[in-house]
Protein chains: 2
Amino acid sequence: MKNEDEPKDKRLKPGDAQKLTMAEVAKYVGVSAMTVSRAFRQDASVSEETRKRIMEAVDALGYVLDLSAGSLSSRRSGFIAALVPSINNSNFSDTARGMTDALQNTGLQLLLGYTDYSTEKEEELIEAMLRRRPEGIILTGGSHTARARRMLVKAGIPVVETWELPEDPINQVVGFSNSEAMALLVRTLASQGYRKFGYIGGTTARDTRGSQRRSGFQKTVEELGLGPGRMISFGVPPITMEQGGQAIVSLLERWPDTEVVLCVSDLSAFGAIMECTRRGMKVPRDIAIAGFGDYEISSICHPRITTINVDCYGIGRQAAARLMDALHTGEATGDEITLTGYKVVLRESTDRNGAPTA
Amino acid sequence: MKNEDEPKDKRLKPGDAQKLTMAEVAKYVGVSAMTVSRAFRQDASVSEETRKRIMEAVDALGYVLDLSAGSLSSRRSGFIAALVPSINNSNFSDTARGMTDALQNTGLQLLLGYTDYSTEKEEELIEAMLRRRPEGIILTGGSHTARARRMLVKAGIPVVETWELPEDPINQVVGFSNSEAMALLVRTLASQGYRKFGYIGGTTARDTRGSQRRSGFQKTVEELGLGPGRMISFGVPPITMEQGGQAIVSLLERWPDTEVVLCVSDLSAFGAIMECTRRGMKVPRDIAIAGFGDYEISSICHPRITTINVDCYGIGRQAAARLMDALHTGEATGDEITLTGYKVVLRESTDRNGAPTA
DNA sequence: CCTAAAATTGTTATCGATATCATCTTGCCG
DNA sequence: CGGCAAGATGATATCGATAACAATTTTAGG
């Protein structure tokens, strides 16, 4: 026996690169590698006694399981890939949290990727992910490059598209109609007496959810006989707070009598409100402004922002749950659509009677 | 030849699970698997002609490289693990972006994990990551469980700790002194005439950067002979906007004559300012408030918030760069410390003369 | 036109864990 | 006490790509 290499000094440094394998742990304990492998799984049949001895050895030697070897032979990579547009967006991070929570104790890990609202980047990421053979994949939105779509189909794993309702789903869908949600907001505000509607959103079609919100706005304004909406496009999605501020300036220059402005997200709405405040306009007294997404900031800032609350967390949770279903039922599940909720949250920024307090 | 399974219908659906291997692509093209493998790498010697034919076949068959097999034999997993406290924090997402950018064209992918400010969760994540054999690992902060530390050392891969200066670094460090940064802010404001300092931060020691900022505040206030600071602890880190608002209420109840309040982050500062505004206090006329981190919101909101700007992106970029260095030099590099910059950004929220405009 | 060097391609062993089947205990029941 | 089922463990083949080396073809130079 020659294993006097247990680190004993307090300040440990890397460098003594290990090359510890399961076989060595096995030899150390006096069992076969197979038994060590079994000890790492809860369902396998190993006597408690043996498992304990193995785990002690694992601890003493500092062995860490090698999944890359394991997944090759078991043909199970043990992870789910999820692609979201942006890392720094509380809506998507709530969704990611929902997914992580739903995957607790399933033995599956979540691997996140960021597409930056670009289908090209999404395609690259999808390929990078598929190369590691995920057991399922969750996407945001329903717009993908043709090649991405082909790869996803070929992969033969469950796919869940989220956050919207694609016309031609690949597989499963968990989301809601961004267009109808925005329409609901328009109708709600119209019923409060607002007539002259403006809209602020990003410039391109890259952000499909943004485009859907825009078209929901446009359609509804016209349906209500309030003429074509006053639309300002500003900045590449995701539109920033600052761009929201710039956009409202353009909008009010062009249509000074606008009564209420809907924004593609709370962040741009916030930027717009702050810019108005800075220019001496009171919100909602001089102009009403609403957002979309119910970010934390909207319930904190002054005035608080009217918005659409989306069940971000639920989207993530259900997407993961649907994926698990598909994995368990041997992916024979049909292509289901799971609708998630949203609701209008009326706050000070569109309050008809009130100047905001203070 | 029997390969009439090319998908031709427009609406592709998964289900026809593939089991396509490199060998089959090779057979299809009429070369060996090894040549196909070579075709996938830019440096390998394959004739352009052959590579083209192989890539066409790959495209036609829809083959996707299997890295789990490849990394087993090449002993290179092709990814770097990075652990950050929170997914939804623009400071850390900037850092993540810096890392991603620095890893462009290195053939290495970034894998992010979220510790939720918990060393226990960090330990779990470190183990989960190590099981996939990353080629390097980037951590946020210098506090880790003993077991986490042991695993990291044992792993024999480069480790970079970021965002602070640990007393006992594992390996490399890229960061700055949170304590000194906060001290600088205190001194700057003191030089403007402020005397009665308050501080708002989270309750526990979990957020080590928060603790360091707090101690930097405390120490400096005392050094300047301004008595012990007025400290309010509120909420489990990461402290939210809402908790910032609640905290400032407590603070002003207890010490109504406070002149300036420093907050552990811009987000709590924002919450505090909004709460003051709502209660009819003007910032900075009635009370000055500053944050930390220079989040986007601080330059947009009204009044704009004085803060410490941290080179978040640079931290990420340099952390990844140091890691690459270590990988190239055969990890013989000493344990270097790379200092990153920070600076005070004075804005309206602590403006001595001015009530904010409007 | 011949030879050495360079470029291209192929063959075989291997990475480290796990599926699968075989073997060996143990315990229980009639 | 025989026999059989359930439980524990081991032996071996295998997952799919790549390293390492071997073989072959092409190119360049004299």
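Picking from C:dG10, D:dT9, C:dG16 the nucleotide with the shortest atom distance to the side chain of A:Arg38 gives D:dT9. Among the nucleotides D:dT18, C:dA17, D:dG10, the one closest to the side chain of B:Arg41 is D:dT18.
Checked by atom type, the side-chain pair B:Ser68/B:Asp66 shows a donor-acceptor distance below 3.5 Å.
No donor-acceptor contact under 3.5 Å links the side chain of A:Arg133 to the base of D:dG16.
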Trace of the side-chain hydrogen bond (donor to acceptor under 3.5 Å, both in side chains) decision for A:Gln318 with A:Thr338
CA-CA 8 Å; A:Gln318 297 209 54; A:Thr338 306; 4.9 Å; no

Pair A:Thr115-A:Thr140, side chain to side chain contact (heavy atoms under 4.5 Å, CB included): steps then yes or no
CA-CA 9 Å; A:Thr115 66; A:Thr140 307; over 6 Å; no

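Side-chain nitrogen and oxygen atoms of A:Thr35 include none within less than 4.0 Å of the OP1 or OP2 phosphate oxygen of D:dT9. OP1 or OP2 of D:dT9 sits under 4.0 Å from a side-chain N or O of A:Ser47. Phosphate contact (OP1/OP2 of C:dT9, side-chain N/O of B:Thr50, threshold under 4.0 Å): present.
Within residues 71-80 of chain A, the residues having any heavy atom closer than 4.0 Å to DNA chain D are, in order of number, A:Leu72, A:Ser73, A:Arg75.
Comparing the local axis fitted to the first five base pairs of the helix from C:dC1-D:dG30 to C:dG30-D:dC1 with the one fitted to its last five gives a bend of 30°, rounded to 10°.
At a threshold of 4.5 Å between non-hydrogen side-chain atoms, the residues B:Ile87 and A:Ile87 count as touching.
Pairs of residues two or more places apart, or lying in two chains, that qualify as side-chain hydrogen bond (donor to acceptor under 3.5 Å, both in side chains) and include a residue from residues 71-83 of chain A are A:Arg76-A:Glu135.
Tested against A:Glu127 for a salt bridge (charged side-chain N to carboxylate O under 4.0 Å, His left out), the candidates A:Lys154, A:Arg150, A:Arg132, A:Arg147 yield a single pass: A:Arg147.
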